[in-house]
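Everything below concerns the one structure shown next.
Each residue takes its place number in the sequence, starting with 1. First listed ligand is number 1; within each ligand, the first listed atom is number 1. Please read all numbers here as calculations on a predicted model, not as lab measurements.
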Amino acid sequence: MLLGTSLPTLQFPDVPLPLYDEALLCSDTAAIYENDSRNAVASVATKFATVNAPTTGPSPEQLASKINQVDLTLPLGSTADSLAELDDLYLNDAVYFHDTKYAAHLNCPVVIPAVVAENFVTSINTSMDTFDQSAGATLIERKLVNFTAELIGYDPVQADGIFTSGGTQSNLQAMLIARNTATAKLQGSLPERLANLRIYCSEDAHFSIRNAAMLLGLGYDAAVAIPTDAQHRMDAHALRTRIVEDVQGGLVPMAISATSGTTDFGAIDPLPELRQIANEFDAWFHVDAAYGCGLLLSERHRHRLDGIEQADSVTVDYHKSFFQPIGSSALLVKSASSFESIAHYAEYLNPAAEAAATPNQVSKSLQTTRRFDALKLWVTLRSLGAARLGAMFDQVIALAEDAQQEVAMRSQLHLVTDVQLSTLVFAFEDPEHPLTLSEHNAVANQIRQRLYSSGEAMIAATTIKGKRLLKLTLLNPNTTLSDVSEILDAICRIGTQILAELTTGEK
Ligand SMILES: *Cc1c(COP(=O)(O)O)cnc(C)c1O
């Protein structure tokens with residue numbers, strides 16, 4: 001017998017119904033759309049003109065008390081009013097990545113052409129799954145994929161790619177293709193074949209690789225973390241030794257996932273050596289260049305990615321080092337045929353019979369309905385050009401190199417390893433105040449928290465071998481050495497204060 005179930009009756013308060021003919025964007029409402037958009041832009045522009053700190057340092061509780069008060073069943077009745085309400089709810093306490101004292105995560109300030117292009121993306125609301133929902137948009141995306149493939153050094157005729165929501169999705173898709181490639185070569189039941197697959201990445205690789213192993217049914221432990229050298233690059237010798245051992249134990253090396261620009265240290269794994277090992281064991285060779293992809297545009301530093309052209313697949317996050325708004329990312333593959341193992345054809349959408357004749361991107365994507373994010377990069381390249389973006393990335397690399405001296409000058413700060421891309425990871429340790437590891441870690445967390453609460457600056461933290469470290473991620477070409485120097489001074493000042501409190505026992 002079925003249990004009697006029913007949805008609760010709707011209980012909306014008695015408010016006048018909105019005018020639907022004014023709510024929907026259409027020919028008749030173009031003027032309303034224009035007016036509301038101008039207001040929205042004006043309110044953001046006003047905010048940008050006055051922001052002078054990355055944050056006001058709100059706590060989750062402070063924000064929750066405001067946001068929870070809003071009654072979503074009681075509309076304000078106009079776009080202008082709901083935007084005005086956002087000043088207090090969101091804009092005033094938002095985190096501003098463009099502020100030169102923002103040095104926390106891998107968030108870049110964004111170029112204006114890309115931001116403005118967003119208006120087209122959302123308003124026209126093209127969906128990228130099929131040509132019949134996107135028309136020129138599909139061809140624009142494909143041209144950008146070719147452009148990126150050429151930057152990587154792929155043969156653009158052979159190569160292909162797809163825009164994704166971010167590096168996490170790109171890495172998942174790369175590992176999916178690698179898994180399908182590996183299982184096609186094996187015998188036995190599918191569970192048996194999956195159980196033996198291994199993915200090799202460095203212990204500094206992004207967690208999305210390990211997560212992909214889990215999502216793909218391989219289990220977390222299928223992602224093997226290989227030790228790194230003093231610069232946090234994957235140790236090729238250790239990799240080879242581990243694979244030999246695993247193969248002897250009956251395991252199958254499915255993929256080697258190299259990182260070009262690790263999230264913490266910006267380390268670039270030795271691509272040519274890793275490619276060779278992948279060849280030797282018939283493994284897929286993926287390069288996660290979510291962060292390091294900006295080097296592709298840099299005349300001065302491009303050579304650091306030598307070997308990337310030999311990768312079977314590459315993750316690029318334009319929203320990290322091409323100064324694009326979120327989301328803007330892609331997965332590139334050396335050979336277009338790599339997408340065949342993941343292609344699906346739905347009669348209602350992209351029938352197989354039409355596959356050859358119609359450029360439908362959905363068969364290459366993990367998403368179905370998909371935003372036209374590619375347009376932001378298109379308008380950027382047409383407005384500013386690739387060289388300009390490359391020069392901007394060069395600028396942050398140079399800044400990070402100079403900043404290294406600034407850290408070295410301060411006796412309380414100890415850099416963990418040389419700067420490699422645009423991050424600095426260091427410990428706050430006062431030679432006069434030796435601490436236990438747990439005290440040290442508590443102080444590091446306190447420094448970061450107090451800096452945030454003060455709104456003075458935002459920095460990140462990471463943990464290496466149990467030790468809490470402070471991290472600056474520099475991705476803003478407007479940030480100067482004196483900005484960095486002020487952040488470092490603030491860290492030393494707050495750290496010294498916390499140590500003094502520890503000594504006197506006060507709070
Ligand atoms: C940021 C990052 C990712 C994840 O990318 P998202 O765009 O945040 O999903 C993957 N790999 C590396 C090396 C990263 O730095």
Side-chain angles (χ1 to χ4, degrees), residues 95 97 102-110 114 148 152 161-176 178 199-216 223 225-226 228 231-234 255-271 274 285-296 304-305 308 311 313-332 365-367 370-371 373-374 376-377 393 396-397 400 419-425 460-462 464 471-475:
V95 176
F97 300 151
Y102 181 84
H105 302 288
L106 277 167
N107 305 109
C108 54
V110 291
T148 310
I152 289 171
I162 190 81
F163 272 66
T164 66
S165 61
T168 302
Q169 191 186 348
S170 297
N171 285 343
L172 171 62
Q173 187 166 359
M175 291 305 107
L176 170 63
I199 299 168
Y200 301 90
C201 55
S202 89
E203 56 193 13
D204 283 36
H206 194 260
F207 69 83
S208 55
I209 297 292
R210 177 166 284 253
N211 229 32
M214 182 273 289
L215 289 168
L216 294 172
I226 302 297
T228 54
Q231 268 85 51
H232 289 266
R233 298 173 300 203
M234 200 194 307
I256 296 172
S257 180
T259 312
S260 283
T262 57
T263 314
D264 279 342
F265 293 97
I268 298 172
D269 289 338
L271 304 183
L274 302 185
F285 185 49
H286 176 64
V287 174
D288 176 0
Y291 172 19
C293 61
L295 295 172
L296 292 169
R304 297 194 199 183
L305 295 182
I308 197 171
S313 56
V314 177
T315 288
V316 294
D317 257 3
Y318 309 108
H319 64 217
K320 283 197 182 142
S321 49
F322 279 50
F323 305 97
Q324 294 298 295
I326 303 159
S328 185
S329 181
L331 174 70
L332 284 296
S365 178
L366 298 183
Q367 294 168 256
R370 188 163 56 89
R371 284 166 51 87
D373 282 316
K376 295 177 286 189
L377 180 59
F393 197 52
V396 296
I397 294 172
V419 164
Q420 305 192 53
L421 213 48
S422 69
T423 61
L424 296 104
V425 182
T462 190
I464 303 290
K471 171 168 122 177
L472 303 191
T473 306
L474 303 175
L475 271 182

Identify the two heavy atoms, one from [X] and one from [Y], that lie closest to each other, and give their separation to 0.1 Å.
{"X": "Glu203", "Y": "Ala225", "value": "CA-CB, 3.8 Å"}
{"X": "Cys108", "Y": "Phe323", "value": "SG-CA, 3.5 Å"}
{"X": "Ala174", "Y": "Ser313", "value": "CB-OG, 3.7 Å"}
{"X": "Ala255", "Y": "Met175", "value": "CB-SD, 4.1 Å"}

For [X], which part has a heavy atom under 4.0 Å from ligand 1: side chain, backbone, both, or neither?
{"X": "Leu106", "value": "side chain"}
{"X": "His319", "value": "side chain"}
{"X": "Asp288", "value": "side chain"}

**Message:** Please confirm whether Thr262 approaches ligand 1 to less than 4.0 Å, judged on its heavy atoms.
**Reply:**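 No.
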**Prompt:** Looking at ligand 1, does Lys320 have a heavy atom less than 4.0 Å from it?
**Reply:**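 It does; at least one heavy atom falls under 4.0 Å.
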**Prompt:** Which residue owns the protein heavy atom closest to atom 9 (O) of ligand 1, what's the atom, and how far is it?
**Reply:**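 Looking at atom 9 (O) of ligand 1, the protein heavy atom closest to it is Thr168 OG1, 2.6 Å.
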Could you tell me whether the side chains of [X] and [Y] share a donor-acceptor contact shorter than 3.5 Å?
{"X": "Ser329", "Y": "Asp317", "result": "yes"}
{"X": "Ser202", "Y": "Thr228", "result": "no"}
{"X": "Asn171", "Y": "Thr315", "result": "yes"}

Show me which atoms of ligand 1 lie under 4.0 Å from any heavy atom of [X].
{"X": "Asn171", "answer": "10 (C), 11 (N)"}
{"X": "Asp317", "answer": "5 (O), 6 (P), 7 (O)"}
{"X": "Thr263", "answer": "12 (C), 13 (C), 14 (C), 15 (O)"}
{"X": "Gly167", "answer": "4 (C), 5 (O), 6 (P), 7 (O), 9 (O)"}
{"X": "Ala290", "answer": "2 (C), 3 (C), 10 (C), 11 (N), 12 (C), 14 (C)"}
{"X": "Gly261", "answer": "13 (C)"}

**Request:** May I ask you to check if ligand 1 and Ser208 share an N or O to N or O distance below 3.5 Å?
**Result:**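 In this structure, Ser208 places no N or O atom under 3.5 Å from an N or O of ligand 1.
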**Message:** For the backbone of Pro270 and the side chain of Arg233, can you confirm whether one donor and one acceptor N or O come within less than 3.5 Å of each other?
**Reply:**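 Not confirmed, Arg233 side chain does not pair with Pro270 backbone.
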**Request:** Please work out which of the three classes, parallel, tilted or perpendicular, describes the rings of Phe393 and Tyr291, given edges at 30° and 60°.
**Result:**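 Perpendicular.
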